[in-house]
Amino acid sequence: MSYQLVCGIETHIELATKTKIFCGCTTQFGGEPNTHCCPVCTGQPGALPVLNKRVIEYAVRAGLAVHCDINNNSHMDRKNYVYPDLPKAYQISQFDEPVCVNGYVELDSGKKIRIERIHIEEDAGKLVHDGGYTYVDYNRGGVPLIEIVSMADISTPEEAKEYAEKLQLIMRNVGVSDCKMQEGSMRCDVNVSIHQPGEPWGTRTEIKNINSLSNIVRAIDLEMERQEDIIESGEKVVQSTMRYDANSDTVYVLRTKENADDYRYFPEPDILRFYISPEKVEEICASLPELPDAKLKRYVEDMGLPENNARLIYKYRNVTNFFDDAVGEGASPSNALNMIIGTIYATLQTEEDKENFEIKTTPKQLAELVKLIDDKKIRANKAKDVLSKMLENGDDVKTFIKEEDLAGLSDDDLRTLCQGAIDANPKAVEDIKNGKDKAINVMFGYVMKNSRGKADVKKAEAMIREMIG
Ligand code: ZN
Ligand code: MN
């Protein structure tokens, strides 16, 4: 029997503010345990939280980037629970008035995954299990988070991955977070249930804290199989919290829920309600950069670039800025793109290298080189060599190409070279006359070498054939 997946994702994203949500401690990742802390973020009695204004701005920014409505009136709530990662025994979060509601992320297929809400909250500390002991590090406690809650619109593991990847891309592009899943600045909780087409939805389970895009697919696949086995054997799926373990490639139950968690939410008395003015929302909206999907569309539809190639750059904000600037300096889009993905990318090994895109050549310098290709003053292969050298030390094109290199080869000069090639290769001439067409390649070598690469091969071929007769 075939079952259908019903899936929604809750995504926690750490905001890129310099300081924490309720105090002035640094949000920097890592550091000696318990050195990025103070009485506020360790929840000491009597310490009072002050809401970081930037956190609200970042949340609005994130919300607008995924087409959310912004609640002008909002407030914080207490979510009560007892666990050692949270010393005050409650998390300051949002319950009934989240900053953003009703957005969506559009997949490549055109399908929209709706976003129910985005709220702000504080991150908890980190438990470190080692040698039979558990240690607690509060450096992460109080780091600002947004939690993005999708509707259960996801129908395949691949859609789940694409949704998370798009979210990551968008949030990085608008600058609210670096969204590094391996460092935990983006973490996905995936809700999974299965049912037969036409039947009511099944009982769902929640796989917590998945930390890579490929693990999202794997975890859902495994959990679907597990639920199918349970249903097929006549049992019932029990609502539970699960974990995916990448090492053993298994999903397992952490705890089952007897009843829904009761967090006893109530309005946080230590923090005033806050108002986000429509003018402020407007201002943030106007400051949003062009989003990746819009960029891809512009590259393919307006610039006429091949989609496959455009996809190699559209994700990286620094790369696309560089590309757009080079085009702005007069480079043709297609040759500029080819130079980036053909030559510059060869010097950037990892995703992160592309993300950072720290290269010595400026967009203007690339444009100068590309314009030479555009005007057919140098061949693309020669341009690649030149660009490789430019990338090494940041020098201009003119350091590597002399004026005389650029002067075109006249037809008379080419004719002289072709004659030279014929004279130097009597054997090849004989072979061609006897029908061995490929023998002409030997003569191209001669022409290219003696023209220092400037000769037009097609033209040379026509001339040589004509001269041999
Ligand atoms: Zn603090
Ligand atoms: Mn949360």
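Note that ligands are numbered from 1 as they come in the structure, with each ligand's atoms numbered from 1 the same way.
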- Message: I need the protein N, O or S atoms closer than 2.8 Å to the Mn ion (ligand 2), given as residue plus atom name.
- Response: H12 NE2, E121 OE2, E147 OE1
- Note on the structure: What one should report as the nearest heavy-atom pair of G63 and C100 is CA-SG, 3.7 Å
- Message: Less than 3.5 Å apart, any donor N or O on the side chain of Q365 or D396 sitting next to an acceptor on the other?
- Response: yes
- Is it possible for you to check whether R78 lies under 6.0 Å from the centre of the six-membered ring of Y90, through NZ or CZ, and within 45° of that ring's axis? yes
- Any luck finding a side-chain donor-acceptor pair between E351 and Y316 under 3.5 Å? yes
- Message: Tell me whether K166 forms a cation-pi arrangement with Y163, defined as NZ or CZ under 6.0 Å from the six-membered ring centre and within 45 degrees of its axis.
- Response: no
- Task: First locate atom OG of S150, then atom NZ of K112, and finally report the distance between them rounded to the nearest 0.5 Å.
- Result: 15.5 Å
- Give a yes/no verdict on a cation-pi contact between K79 and Y265, requiring under 6.0 Å between NZ or CZ and the six-membered ring centre and an angle within 45° of the axis. no
- Within the 2.8 Å cut-off the protein N, O or S neighbours of the Zn ion (ligand 1) are C23 SG, C25 SG, C38 SG, C41 SG
- Message: Let me confirm one number: the CG-CG distance from D221 to L5, rounded to the nearest 0.5 Å.
- Response: 9.0 Å
- Heavy atoms from other residues, nucleotides or ligands near CD of E106 exceed 12 (cutoff 6.0 Å): yes
